[in-house]
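Sequence positions, counted from 1, serve as the residue numbers for this chain. All ligand and atom numbering here is 1-based and tracks the order in the structure. Because the structure is a prediction, the values reported are computed rather than measured.
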Amino acid sequence: MGSLLAKLEGLRDEAFSALESVQTSSDVEKFRVKYLGRKGLITSLLRELPSVPLEERPKLGAAANKLKTELDEVVRRKLEALKSGLKSGDFIDLTLPGRSRYLGKKHPITRTIEDIIDIFRSLGFSIAEGPDVETDYYNFDALNTPDDHPARDINDTFYLAKGICLRTHTSPVQIRVMEKQKPPVRIIAPGRCYRKDTPDASHSPNFFQTEGLYVDKGVTFGDLKGVINNFARRMFGSGIKVRFRPHFFPFTEPSAEYDFSCMICGGKGCRTCKNTGWVEISGAGMVDPAVFGYVGYDPLMYSGYAFGMGVDRITMLRYGINDIRYLYDNDLRVLGGL
Ligand code: DAH
């Protein structure tokens, strides 16, 4: 019996080393016939079983069956591997971390605009749009901005033809909406704007704003403050404070600029807020009655507030970018990480 067991062991070793040269499915079939077939080596070994003492036969039988099952399994796997194109020696290590692929995503400015829209939509605002190429009339005149206003200077504005320019702000959308619609009007208008600025850390000749306008009976500056406060907290967190400073815009009276408490240093003072604890977001005010005159609204019946917001500025603050040019350079080393 000892010798038969040893033969079985030898057969096992032989089979496994023969396996290394099994490359094709016909090799596999030959292998199967040779070891597992009806006239195969295992069967012929078992034919010698009668020569073994009776009490030792079960042990030998079990060992032979075990080898059969083992080789059956090997044959099955080999065929599977051939089917899936794996070569011998290949194996799949499921514990390895996956290879990450670069996934495209929305530009940070787009994400900011979408969040601005979500917030104002929830406050009852609709979304309005206007053209990037504007007429003098909508960009300046109807916004009560006289001919001699510095913003109209050829050095500040991209003129495409006489009376036609790339809009310098989103405010002309106010006029376009009011021309078409009677109060109440409650819109925001996100979009691209253009000014003849030399690019530097805080200037880009094209940039984004979002305009806001609410006109109805009895709208007050208090409503404006309420809505801007709400926006600030939802965009940057509940700890944000808002302050309004007196300012001048031709299309609002009174006018203000508004700042948010610096979200980088928490208002203590840092480089981003130039040690003031505040960062400027844009301008706002009560719609000037002269503007209502351009769109045929009765200033005695209606009042309204308007505001702008610098989308690039908000994006830079959210993502901690200190140079606006990063937003327009299309450098994936920067944008990809935001
Ligand atoms: N259009 C102004 C600018 O580009 C920002 C602004 C100020 C918009 C006051 C407004 C406003 O709607 O009421 O600087």
Side-chain angles (χ1 to χ4, degrees), residues 113 116 120 123 125-132 134-146 149-153 156-158 165-179 185-197 202-216 219-229 231-232 242-260 279-292 294-295 297 299 302-314 324:
I113 291 177
I116 292 173
F120 280 102
L123 294 170
F125 285 75
S126 334
I127 317 304
E129 278 184 315
D132 286 18
E134 259 306 359
T135 61
D136 259 4
Y137 177 77
Y138 287 107
N139 198 75
F140 297 120
D141 299 279
L143 287 161
N144 200 31
T145 306
H149 194 279
R152 296 181 78 136
D153 198 301
D156 290 332
T157 302
F158 289 108
C165 64
L166 295 177
R167 67 177 175 192
T168 59
H169 50 181
T170 44
S171 303
V173 185
Q174 290 186 31
I175 307 298
R176 290 181 175 274
V177 169
M178 288 191 282
E179 272 183 349
V185 165
R186 184 153 45 185
I187 55 106
I188 58 162
R192 212 185 264 272
C193 308
Y194 309 81
R195 286 182 200 171
K196 269 196 173 178
D197 281 327
S202 51
H203 294 87
S204 163
N206 71 91
F207 57 97
F208 285 81
Q209 290 187 338
T210 296
E211 195 75 12
L213 173 71
Y214 177 33
V215 183
D216 203 348
V219 176
T220 69
F221 204 98
D223 297 325
L224 168 64
K225 289 179 100 171
V227 99
I228 296 289
N229 259 299
F231 169 77
V242 179
R243 76 171 182 189
F244 286 77
R245 288 175 285 106
H247 200 75
F248 173 78
F249 293 102
F251 37 93
T252 41
E253 183 58 36
S255 303
E257 276 188 331
Y258 63 96
D259 307 328
F260 291 174
V279 286
E280 187 188 320
I281 301 298
S282 186
M286 299 305 291
V287 180
D288 195 304
V291 172
F292 284 153
Y294 281 94
V295 295
Y297 283 9
Y302 297 108
S303 60
Y305 63 70
F307 58 85
M309 50 180 65
V311 173
D312 305 76
R313 169 49 74 86
I314 293 172
I324 192 172

Logged contact type for Cys193 with ligand 1, heavy-atom cut-off 4.0 Å, is neither
At under 4.0 Å between heavy atoms, what of Ala306 touches ligand 1? The answer is both
Report, in ascending order of atom number, the atoms of ligand 1 lying under 4.0 Å from any heavy atom of [X].
X      : answer
Thr252 : 13 (O)
Gln209 : 3 (C), 4 (O)
Gln174 : 12 (O)
Gly285 : 13 (O)
Glu211 : 8 (C), 10 (C), 12 (O)
Ser171 : 1 (N), 8 (C)

Specify the closest pair of heavy atoms between [X] and [Y], including all atoms of both residues, with the distance to one decimal.
X      : Y      : value
Ser282 : Gly308 : CB-O, 3.1 Å
Pro146 : Arg152 : O-CD, 3.1 Å
Tyr258 : Gly283 : CE2-O, 3.5 Å
Gly130 : Arg167 : O-NH1, 3.4 Å

Of all protein heavy atoms, the one nearest atom 8 (C) of ligand 1 is Gly308 N, 3.4 Å
the protein heavy atom lying closest to atom 6 (C) of ligand 1 turns out to be Gly283 O, 3.8 Å
Mind telling me whether [Y] and [X] have parallel, tilted or perpendicular rings, with 30° and 60° as the class edges?
X      : Y      : value
His169 : Phe140 : tilted
Tyr305 : Tyr214 : perpendicular
Phe231 : Phe260 : tilted

Ranking His247, Arg195, Glu257 by closest non-hydrogen atom to atom 14 (O) of ligand 1, top hit is Arg195
Practice problem: Give yes or no for whether the N/O distance cutoff of 3.5 Å, strictly under, is met between Phe249 and ligand 1. | Solution: no
query = Would you say Ser282 has any N or O atom under 3.5 Å from an N or O of ligand 1, going by distance alone?
reply = no
When rounded to the nearest 0.5 Å, the distance separating CD1 of Ile116 from CE of Met309 is 6.0 Å
May I ask whether Phe251 places a heavy atom under 4.0 Å from ligand 1?
yes
Flag for Gln174-Tyr138: side-chain donor and acceptor within less than 3.5 Å: no
